[in-house]
Amino acid sequence: MRPKTKMIHGGITGDEKTGAVSVPIYQVSTYKQESAGNHSGFEYSRTGNPTRHALETVIADLENGTAGFAFGSGMAAITSVMMLFDAGDHVLSTDDVYGGSYRLMTNVLNRYQLQHTFVDTSNAKAVEEAITEKTKALYVETPTNPLLKITDLKQMAAIAKKHNLLLIVDNTFATPYWQQPLDLGADIVLHSATKYIGGHSDVVAGLVAVNSRELAEKIHFIQNSVGAVLGPQDAWLLMRGIKTLALRMEAIEANTKKLVAFLEQHPKVEKVFYPGLENHEGHNVAADQSTGYGGMVSFDVGSEAAADKLLSRVQYFTLAESLGAVESLISIPAKMTHASIPRDRRNELGITDGLIRLSVGIEDAEDLLEDLKQALG
Ligand SMILES: *Cc1c(COP(=O)(O)O)cnc(C)c1O
């Protein structure tokens with residue numbers, strides 16, 4: 001099945017009993033057993049729920065995995081995956097991971113003696129040098145937020161294999177439509193499904209997919225033990241989102257390319273960060289490991305004042321955190337998502353006060369272009 005068909009026919013489609021073409025929302029906590037211990041496969045909805053199961057099956061299919069898991073948020077998914085490790089273990093993580101992941105690793109998991117070191121994973125040598133005897137996993141995000149840095153997943157998979165580490169990939173930005181990390185050698189792929197997979201700014205959810213039976217058993221055990229599961233209504237909304245994921249990603253990317261071309265030639269824009277640009281550091285790797293460059297773009301207008309002015313003038317870009325929805329969003333990372341990072345460190349990373357991040361939506365590209373043009377004018 002090709003990706004676009006998978007979005008429609010992957011996983012479990014419809015309801016065998018009634019012929020309903022959409023999987024019903026099984027709003028239920030417990031299930032009648034024929035005799036004690038003899039049940040239909042579902043006994044209690046923390047352990048398994050038919051609507052959630054249908055979603056878990058489709059994410060496994062989309063990521064070319066063998067098992068999927070749905071959680072109450074992206075952070076719940078990441079936390080549950082981290083429960084695979086023991087006190088004293090060490091995880092090497094991409095240095096510009098999502099802020100919430102950084103907070104979890106440095107303010108919560110550290111209290112359980114799970115140590116994280118942050119390295120530039122686009123630099124294989126730096127990764128190899130940071131591996132210690134205690135290292136159990138590489139945790140990689142690609143592309144990253146907000147500078148869209150790219151890590152070579154095949155290279156990371158080779159390092160992971162050599163040192164017997166798990167490779168965990170946060171695939172939120174690329175989506176399973178553009179990039180399938182399990183095929184590139186990752187062991188675990190995860191998503192904030194709140195973003196592109198849901199796609200309509202109306203659900204908070206997390207998804208995980210794996211392709212080994214051993215990991216599937218371990219993660220299911222943790223999911224059931226910890227209990228951070230997704231409810232059936234939200235699972236259903238995500239399945240609905242997935243049906244149009246391919247269409248949305250195509251439309252979003254087409255719009256993004258037009259905006260990037262416009263921003264690239266604008267005299268008030270100092271630099272544009274987009275992996276689809278040939279001058280982007282990670283362009284070749286991105287071209288090799290993914291089939292699209294996505295809908296996130298950042299650009300530098302030189303100063304806080306210029307950024308503020310642009311934000312106050314745009315009409316169709318909603319000032320908000322989050323990303324990946326049908327409506328275009330705009331943010332200033334230095335003041336919003338990355339405000340907790342000290343300014344010196346931010347400048348070092350390139351997250352300046354004049355840096356603006358767009359999550360491009362599916363509006364008419366001409367309207368978005370006109371809007372940016374007048375706002376920059
Ligand atoms: C939003 C996000 C998360 C966290 O997901 P939530 O659904 O907000 O809990 C993790 N990783 C990335 C890359 C994200 O953008």
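None of these values were measured; they are calculated from a predicted model. The figures here come from the full heavy-atom set of this structure, side chains too, leaving out hydrogens, waters and symmetry mates. Note that ligands are numbered from 1 as they come in the structure, with each ligand's atoms numbered from 1 the same way.
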Less than 3.5 Å apart, N/O on ligand 1 and N/O on the protein: could you list those pairs with the distances?
from, atom 1, to, atom 2, distance (Å)
ligand 1, 5 (O), Ser192, OG, 3.0
ligand 1, 7 (O), Gly74, N, 2.9
ligand 1, 7 (O), Ser192, OG, 2.8
ligand 1, 7 (O), Thr194, OG1, 2.6
ligand 1, 9 (O), Gly74, N, 3.0
ligand 1, 9 (O), Met75, N, 2.9
ligand 1, 11 (N), Asp170, OD2, 2.7
ligand 1, 15 (O), Lys195, NZ, 2.7

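In this structure, His116 NE2 and Leu109 CG are separated by 6.0 Å, a value rounded to the nearest 0.5 Å.
For Arg343, the side-chain contact (heavy atoms from CB on, under 4.5 Å) test picks out Glu304, Arg346, Asn347, Asp353, with sequence neighbours left out. His39 meets the ring pair (Phe, Tyr, Trp, His ring centres under 6.0 Å) test with no other residue; sequence neighbours excluded.
Summarising the local packing, CD of Gln265 is surrounded by more than 12 heavy atoms from other residues, nucleotides or ligands at distances under 6.0 Å.
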(Q) side chain to side chain donor-acceptor pair (under 3.5 Å), that's the test. Do Thr337 and Tyr98 meet it? Break it down for me. (A) CA-CA 9 Å; Thr337 46; Tyr98 175 72; over 6 Å; no

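Counting only residues at least two apart or in different chains, salt bridge (charged side-chain N to carboxylate O under 4.0 Å, His left out) contacts with residues 50-61 comprise Arg52-Glu56.
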